[in-house]
Amino acid sequence: MSSKQIIAYGAKVERSIDGGTTWASIPEAKGVAIPVVETDYQDVTNLDSEDGFREYIKGLKDAGVISVPCGYTSAGYEQQLADEATDAPVQYRTTLKPAVDQATGDIFEFSGFPTPKVEGGDIGAPVEMSIDIRTTGAVTWTKGTAAA
């Protein structure tokens with residue numbers, strides 16, 4: 001077992017609507033938001049392809065749609081409705097808590113267009129919300145700083 005692994009508890013999921021000058025937490029976030037970047041591969045197979053094998057070249061990258069699970073609050077829902085109503089993408093930042101050999105945690109940043117979804121539960125269960133984010137542009141990762 002690795003003693004350098006971490007759990008999601010203690011991470012921060014934040015959003016910015018002013019170009020990254022100020023950041024606000026997404027209320028009641030229950031999971032981290034880290035997109036998976038996938039690359040399209042374009043088929044360039046032709047009559048001269050060696051031994052009948054398909055050939056590919058790299059195409060465009062896409063981080064797709066991710067979902068952030070949250071507990072429902074009226075303030076959180078209002079925040080997400082306002083973000084959804086804007087024409088510009090919202091910036092997101094997920095900061096993981098530091099691992100045992102780090103002073104600061106790793107940071108993932110990306111932009112996207114949010115769609116909030118209220119999810120009703122059973123009679124005794126909490127009302128949940130998820131935020132589906134259609135990513136746009138690059139995803140960046142900044143490694144946390146090493147512990148002194």
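Numbering starts at 1 and runs along the sequence shown. Note that these values count all heavy atoms, side chains included, but never hydrogens, waters or copies made by symmetry.
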| message | Please check: side-chain N/O of N46 versus main-chain N/O of D48, any donor-acceptor pairing under 3.5 Å? | response | yes
| request: Quick one: pull up CD1 in I57 and OH in Y41 and give me the separation to the nearest 0.5 Å. | output: 11.5 Å
| query | Taking T136 for the side chain and S111 for the main chain, is one N or O donor matched with an acceptor at less than 3.5 Å? | reply | no
| request: Heavy atoms only: give me the nearest Q102-K97 pair and the separation to one decimal. | output: OE1-O, 4.5 Å
| said: As an exercise, state the distance from OG1 of T73 to CD of Q80, rounded to the nearest 0.5 Å. | reply: 9.5 Å
| query | If Ile, Leu, Val, Met, Phe, Trp and Tyr residues are connected whenever their side-chain heavy atoms lie under 4.5 Å apart, and connections chain through other members, are V32 and I6 in the same group? | reply | yes
| Short side-chain to backbone donor-acceptor contact, T135 and G64, under 3.5 Å | yes
| note | So CZ of R54 and CG of D43: to nearest 0.5 Å the spacing works out to 5.0 Å
| message | Looking at every non-hydrogen atom in both residues, tell me the closest pair between Q79 and A24 and how far apart they are. | response | NE2-CB, 4.3 Å
| message | I need the minimum non-hydrogen distance between A63 and P35, along with the two atoms involved. | response | CB-CB, 3.7 Å
| field | All pairs passing salt bridge (charged side-chain N to carboxylate O under 4.0 Å, His left out) where residues 9-21 contributes a residue, at least two apart | value | E14-R93, R15-D83
| request: Quick one: pull up NZ in K117 and OG in S130 and give me the separation to the nearest 0.5 Å. | output: 6.0 Å
| Donor-acceptor pair, S16 side chain versus T22 backbone, under 3.5 Å? | yes
| Separation between CH2 of W141 and CG of L96, rounded to the nearest 0.5 Å | 10.5 Å
| said: Between Q42 and G59 (side chain of the first, backbone of the second, donor and acceptor by atom type, cut-off under 3.5 Å), is there such a pair? | reply: no
| task | For side chain to side chain contact (heavy atoms under 4.5 Å, CB included), just list the numbers for F113 and E84, CA-CA rounded to whole Å, side-chain angles, deciding distance to a tenth of an Å, and then say yes or no. | result | CA-CA 6 Å; F113 300 96; E84 181 183 35; over 6 Å; no
| query | To which residues is V68 joined in a hydrophobic cluster, defined by side-chain heavy-atom contacts under 4.5 Å among Ile, Leu, Val, Met, Phe, Trp and Tyr, whether direct or through other members? | reply | V13, I17, I26, V37, I66, Y72, Y77, L81, V90, Y92, F110, V118, V127, M129, I131, I133, V139
| said: For E78, I'd like to know if atom CD has over 12 heavy atoms of other residues, nucleotides or ligands within 6.0 Å. | reply: no
| request: Evaluate the side chain to side chain contact (heavy atoms under 4.5 Å, CB included) criterion for residues T94 and D106: first the C-alpha distance (whole Å), next the side-chain angles of each, then the deciding distance (0.1 Å), finally the verdict. | output: CA-CA 8 Å; T94 298; D106 295 354; over 6 Å; no
| query | Can you name the closest pair of heavy atoms from S49 and E55 and give their distance? | reply | OG-OE1, 2.7 Å
| After noting the C-alpha distance and the side-chain angles of E38 and D62, does the key distance pass the side chain to side chain contact (heavy atoms under 4.5 Å, CB included) rule? | CA-CA 5 Å; E38 295 183 357; D62 185 12; 5.7 Å; no
| query | Among all residues two or more places apart in sequence or in another chain, which pass the side chain to side chain contact (heavy atoms under 4.5 Å, CB included) test with T145? | reply | A103, T104
